[in-house]
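Report on the following structure.
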Amino acid sequence: MNIKLRKMTEEKREYKRFTLTLNYGRRDEMNDFVFVNRLMQSEELLSTTEKKIADFIKNHKTDIDKMGISDISEKTESSNASVSRLINKLGYSSFGEFKAMISREDITDTINNESTVTDIIANYYSQLTKSASELLDLKDVSAVVKGIKKARQVLICGIGNSGLTALEFKYRLTRMGITADALTDPHMMLMRTSLLHEDDVLIVLSNSGKTPAILKTSELANSLNISVYAITNHNYTPLIQYADVVLFTSQKSIIQNEKFVNSQFATHFIMDIMTYVLLNDAEYLEKRIKTLRLLD
């Protein structure tokens, strides 16, 4: 990489770090977020004690309106100051605002002893969709779609379950006539990325934002001045500094049931939105219909 390009890459990375610092503590971006989404966006900034307090609040939301700061600190074996710091980091202006907003959230449990398994899963899907909708910025979706449409080729990378989602998105793009590939092997990700051109696009999927292979691949693409689009759960993770656009989505852990194992539903929700927007293009829609007819 030449000196000028290396300098541009470092400047872009430094700007992203600066932006992350500015975003810390900004409340306007999270004003309308429910508690679990505020937590996902700021979790990487929390101390061990603050995470413990957050878990307590998440598991006792229906009781928070009856508690004061001292009650929460006592039950979590922390201090009043720790509770206050957590509330501030999550974007609430005061403990009073925190309690008022928690009480307005839809915390009614529609699952009871008479609920069927269909009712239970439908309820979980509804929660995840609502959470993902709140986190998603359509301006960012438009930016990613625009990048895909302009790209010479699209490379999509994911590990494990995210790899299966990457493959699904590849097939969708291919049926629209878009040159796309998906990789799930860490070594192949690096090799293929090293051969990408500046007119190409890399899309990476990582719920945690810390998957080592995804980080290495994104860092390499960033150094080559290739556009990187990330789909992830958390802000302030190592992945964020390498991404040009980030699509945040909800995580499975908001569902308090270990029997619910679908970690990709919210990502598929975003993928459905991007697919729908892409198919507003008549040419893509015509090609998709054409390729589907061949399979009949």
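All values reported here derive from a predicted model rather than from experimental measurement.
Considering only heavy atoms from C-beta on, Leu278 comes within 4.5 Å of Leu173 through its side chain. Counting heavy atoms from C-beta outward, Lys99 and Ile102 have side chains that stay 4.5 Å or more apart. Side-chain contact between Leu202 and Cys157 is present, with at least one heavy-atom pair separated by less than 4.5 Å. Contact of the Ile156 side chain with the Tyr229 side chain is not registered, since no non-hydrogen atoms from C-beta on lie closer than 4.5 Å. The shortest side-chain heavy-atom distance between Ser42 and Asn235 does not fall under the 4.5 Å cut-off. The shortest side-chain heavy-atom distance between Asn207 and Thr232 does not fall under the 4.5 Å cut-off. Proximity of Leu247 to Met274: side-chain heavy atoms (C-beta onward) are separated by under 4.5 Å at one or more points. Residues Ile72 and Phe95 have side chains in contact (heavy-atom distance under 4.5 Å, counting atoms from C-beta outward).
To the nearest 0.5 angstrom, Glu114 atom CD is 10.0 Å from Asp119 atom CG. Interatomic distance, CE of Met40 versus CZ of Phe248, reported as 10.0 Å (0.5 Å rounding).
No donor-acceptor pair under 3.5 Å is formed between the side chain of Ser82 and the backbone N or O of Ser78. When atom types are taken as modelled, the side chain of Thr193 and the backbone of Ala221 share no donor-acceptor pair closer than 3.5 angstrom. When atom types are taken as modelled, the side chain of Asn59 and the backbone of Phe56 share no donor-acceptor pair closer than 3.5 angstrom. In this structure a side-chain-to-backbone donor-acceptor pair under 3.5 Å is missing from Asp181 to Leu155.
The aromatic rings of Tyr125 and Phe260 stand perpendicular to each other, their planes meeting at an angle above 60°, with 30° marking the opposite boundary.
For residues 280-290, the pairs satisfying side chain to side chain donor-acceptor pair (under 3.5 Å) are Lys149-Asp281, Glu283-Lys287, with sequence neighbours left out. For the side chain to side chain donor-acceptor pair (under 3.5 Å) condition, no pair includes a residue of residues 138-147, sequence neighbours left out.
Between the side chains of Asp244 and Ser227, no donor-acceptor pair is found at a separation under 3.5 Å. A side-chain N or O of Arg172 and one of Thr275 form a donor-acceptor pair less than 3.5 Å apart. Side-chain contact annotation: Asn123 with Ser126, donor-acceptor N/O pair under 3.5 Å absent. With hydrogens and angles left out, the side-chain atoms of His234 and Gln251 include a donor and acceptor closer than 3.5 Å. Glu44 and Thr237 are not linked by any side-chain donor-acceptor pair at a separation below 3.5 angstrom, with hydrogens and angles left out of the test. Side-chain contact of Ser131 with Asn37: a donor-acceptor pair under 3.5 Å is present, judged by distance alone. For the 3.5 Å distance criterion, the side chains of Gln264 and Asn161 fail to qualify, holding no donor opposite an acceptor. Neither side chain, Thr49 nor Ser47, offers a donor N or O lying under 3.5 Å from an acceptor on the other.
A salt bridge is absent between Arg152 and Glu198; no separation between the charged side-chain nitrogens and carboxylate oxygens falls under 4.0 Å.
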Let me see the working for Lys89 and Glu50 under salt bridge (Lys or Arg N to Asp or Glu O under 4.0 Å), right down to the final yes or no.
CA-CA 10 Å; Lys89 286 184 179 181; Glu50 289 163 351; 2.9 Å; yes
